Amino acid sequence: MLKLGVSTVFFAEQHTTHAWWQRMRPRLTILYLVVALLLVLISGAGHLRLFGEFGKVFGGFSWAIDGDDPDGPIVLITIPPQLPPFAIPTGSLTRNTHIIEANKQPGAIGIQHVYQQANPGDIVTYTAKSDQATTMTFTRPTSVFTWDLWLQTFGLASLAGASWLIVGFVLLATATEWTGAVEGLTLLPPAMLLLLYSHWGNIQTATPPDLIVQMVWIPCFALLGAAFIHLSLTYRPSAMMKGRQPSWLVDGLPYAPLLLLIAYEWISFLSTGHVPIRTNIVLSLAYAVLGGVVSLSIGVTSILQMLNIWPARKRHQLAAQTQIIPSRIRHHLGDLLTLWIGGIGLGFCFGVLPILLTGKILLPLSIFYTLAAVYPLILLYAIRSLRLIARLHVTIDQREEALQEQQRTAQILQKTNEELTHATELLLHADAHLRSLLSQRIHDQPKQQALRIRSLLGYWQHKLRLEMERTTDRKVAAPQVIEALGKVRKISEELERDLHGLQLLVEDAYQRRSLGLKLHLEKLVREDLPMLHPESSLEIQADLWALDALSSDLEQTETGEKIAEAISYTVTQALLNIYNHAGASFATIRTTCQENILKVEISDDGHGFDVNTIPPEKTSMFKAELKVRAAHGTLQIKSFPGTGSNHGTTILLELPLPPEVQLPITQPQPDYREQYR
């Protein structure tokens with residue numbers, strides 16, 4: 001019962017969570033679409049700025065103005081893979097090399113002026129200054145910014161971002177619970193990093209980093225770290241074992257430090273007019289790295305818990321039982337951790353971090369962006385497959401729970417049936433006992449009194465007749481008294497006969513126990529029933545030889561009592577029905593005993609009836625069937641209505657005998673019906 005209660009509470013909790021999510025999912029999906037539309041519009045604005053640079057001469061690399069330096073030096077961002085490498089390293093957190101002059105013209109305005117005056121292929125001399133205050137001079141030919149260069153540098157990044165955005169929407173729109181929504185929402189940070197990359201870097205026109213880069217793109221690294229923590233907390237075994245709703249600890253706490261970062265950015269912007277880019281990047285990347293470390297720690301802890309190497313604390317026995325992780329949860333979490341930590345973590349470590357730390361990439365940008373665009377599709381396929389598998393497991397668990405519930409119900413019904421059977425046996429036993437007492441009391445009191453009245457009335461009637469004959473004047477005669485006494489005697493005879501019939505109706509258990517089953521049935525057939533129905537011409541042929549198997553000692557046992565009770569009551573009720581309703585002229589009672597089965601067959605040549613049209617509880621054989629069942633036997637009734645040669649009714653009673661019964665020798669019996677005919 002405790003397990004049934006826990007199961008009921010679990011399914012009720014699941015239903016409540018599902019109902020809440022059905023109301024919440026459309027609103028959250030619409031909000032996601034609004035955010036996605038804003039990101040696409042912002043990304044499109046950045047690309048429109050880049051499209052304006054098509055056909056213009058530039059140095060063959062994208063660059064940005066370092067807003068932290070008052071002189072506005074140039075920081076190298078990326079070099080398209082089609083163009084030769086540049087001796088000046090790209091900007092990173094570990095190295096800070098600036099281009100301070102181009103053809104002796106200082107700063108961002110100087111490099112813009114040089115590009116505007118140059119032709120494709122012209123050699124431009126760049127002067128760079130490193131953190132060690134050393135000055136370097138390099139030369140590089142100019143190039144023309146084309147569609148292919150845009151695609152390799154910025155276009156593929158936008159396509160990859162769109163892929164992440166679309167996959168996140170699909171995962172969110174098809175999520176069946178809050179965990180699936182978290183999977184879709186945590187795709188936003190990578191999508192933002194890739195989509196808003198179009199605002200980072202210049203081609204020819206000197207444009208300082210805008211608010212999109214300062215307030216959105218750079219904080220996306222910190223947002224990515226928070227997403228790592230969020231996913232790791234969501235993928236804990238304890239959280240995956242039951243449906244959950246949003247909570248502050250799991251869904252809000254990882255993003256709380258972002259509020260401090262945003263506050264710092266706005267305070268810096270309002271006070272100085274810009275946000276220190278290097279400090280902003282350091283803070284964002286620091287939280288991204290912290291999020292990665294925390295996420296890795298939580299993921300390792302979850303894996304150890306699934307391997308039962310690091311079990312969770314158990315305060316009491318019920319909590320210990322709930323900490324058992326099902327195998328389907330283990331496999332599901334293993335696949336999810338492999339997808340997220342393995343895919344996104346490796347992509348971040350081998351793709352983004354090398355650029356930010358060293359300024360170099362381990363893979364060409366085109367390959368990196370292509371992998372970044374394909375990975376969400378693989379992720380979508382894998383997560384959808386895992387969701388289907390999880391749904392299948394849940395369905396199987398629910399089927400198993402329903403099967404267990406059915407088994408429990410079957411056990412309860414079986415127990416109830418056993419109790420009902422036991423109660424039926426008790427009722428039948430009480431019924432037999434009461435009928436025995438009733439039969440005995442009818443025999444000892446009303447029947448004896450009626451017999452005494454009849455004897456006394458006969459005596460006085462005879463005495464008065466003699467006295468009347470002795471008198472000479474015959475004046476002592478009392479005709480009226482004699483007549484009255486005769487009537488009273490007749491009434492007493494009818495009373496005796498009625499009482500005897502009543503005794504037969506309740507099955508004369510007193511007589512059966514006194515004489516034994518076989519003698520009781522012989523007397524019933526030979527004397528009791530003919531005396532009760534003197535007007536009937538029914539001929540009954542009884543063959544009761546097989547009842548010798550029931551010895552007097554066996555009839556005294558509980559099993560023998562039930563067998564004798566079933567046979568006596570069934571035969572009595574069947575013969576009474578034949579006398580009262582069948583209209584038969586001949587009936588037989590046959591008994592056989594084979595293979596420890598005692599069979600009693602009662603048949604007649606009456607007009608029969610349709611067994612299917614008469615409810616069992618409306619027939620006098622209903623109680624007989626209960627008594628037969630109590631003796632572990634079977635009762636069959638076959639009746640053929642009509643006036644043909646096959647009409648009549650047959651009742652077959654089969655009862656198993658105890659193994660220790662000495663069976664009588666079976667002899668072939670004649671067909672009494674044919675002899676009678």
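The model shown is predicted, which means the values in this text are computed figures rather than measured ones.
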Just by modelled atom types, is the [Y] backbone N or O under 3.5 Å from a matching donor or acceptor in the [X] side chain?
X      : Y     : value
Ser43  : Leu39 : no
Ser62  : Thr78 : yes
Arg140 : Pro84 : yes

Pro276 versus Ser268, closest heavy-atom pair with distance: CD-CB, 3.9 Å
Test item: side-chain donor near acceptor, Gln214 and Asn280, under 3.5 Å: no
Any donor-acceptor N or O pair under 3.5 Å, side chains Thr179, Thr234: no
Geometric class of the Phe61/Tyr126 ring pair [parallel <30°, tilted 30-60°, perpendicular >60°]: perpendicular
Whether Phe54 and Trp150 hold their rings parallel, tilted or perpendicular, with breakpoints at 30° and 60°: perpendicular
Full working for side chain to side chain contact (heavy atoms under 4.5 Å, CB included) between Ile277 and Val75: CA-CA 12 Å; Ile277 295 180; Val75 180; over 6 Å; no
Sole residue of Ile281, Val282, Leu283 in side-chain contact (heavy atoms from CB on, under 4.5 Å) with Thr279: Leu283
Identified side-chain contact (heavy atoms from CB on, under 4.5 Å) partner of Val167 from the options Leu377, Ile383, Ile378: Leu377
With sequence neighbours excluded, residues passing side chain to side chain donor-acceptor pair (under 3.5 Å) with Thr142: none
Roughly how far apart are [X] [atom1] and [Y] [atom2], rounded to 0.5 Å?
X      : Y      : atom1 : atom2 : value
Ile74  : Glu101 : CD1   : CD    : 12.0 Å
Asp210 : Met215 : CG    : CE    : 10.5 Å
Thr207 : His199 : OG1   : NE2   : 11.5 Å
Gln112 : Trp63  : CD    : CH2   : 6.5 Å
Gln82  : Leu151 : CD    : CG    : 8.5 Å
Asn202 : Tyr115 : CG    : OH    : 10.5 Å

Side chain to side chain contact (heavy atoms under 4.5 Å, CB included) assessment of Ile229 paired with Leu253: CA-CA 9 Å; Ile229 300 176; Leu253 188 59; over 6 Å; no
Side chain to side chain contact (heavy atoms under 4.5 Å, CB included) between Trp200 and Leu193, intermediate numbers included: CA-CA 10 Å; Trp200 184 256; Leu193 286 172; over 6 Å; no
Test log, rule side chain to side chain contact (heavy atoms under 4.5 Å, CB included), inputs Trp164 and Leu194: CA-CA 9 Å; Trp164 285 85; Leu194 294 169; 3.6 Å; yes
Validation row: Leu33, Leu37 side chains within 4.5 angstrom (heavy atoms): no
Neighbour count above 12 (heavy atom, 6.0 Å) for Tyr381 OH: no
side-chain hydrogen bond (donor to acceptor under 3.5 Å, both in side chains): pairs with one or both residues in residues 249-263, sequence neighbours excluded: Trp178-Asp251, His230-Asp251, His230-Tyr255, Arg244-Asp251
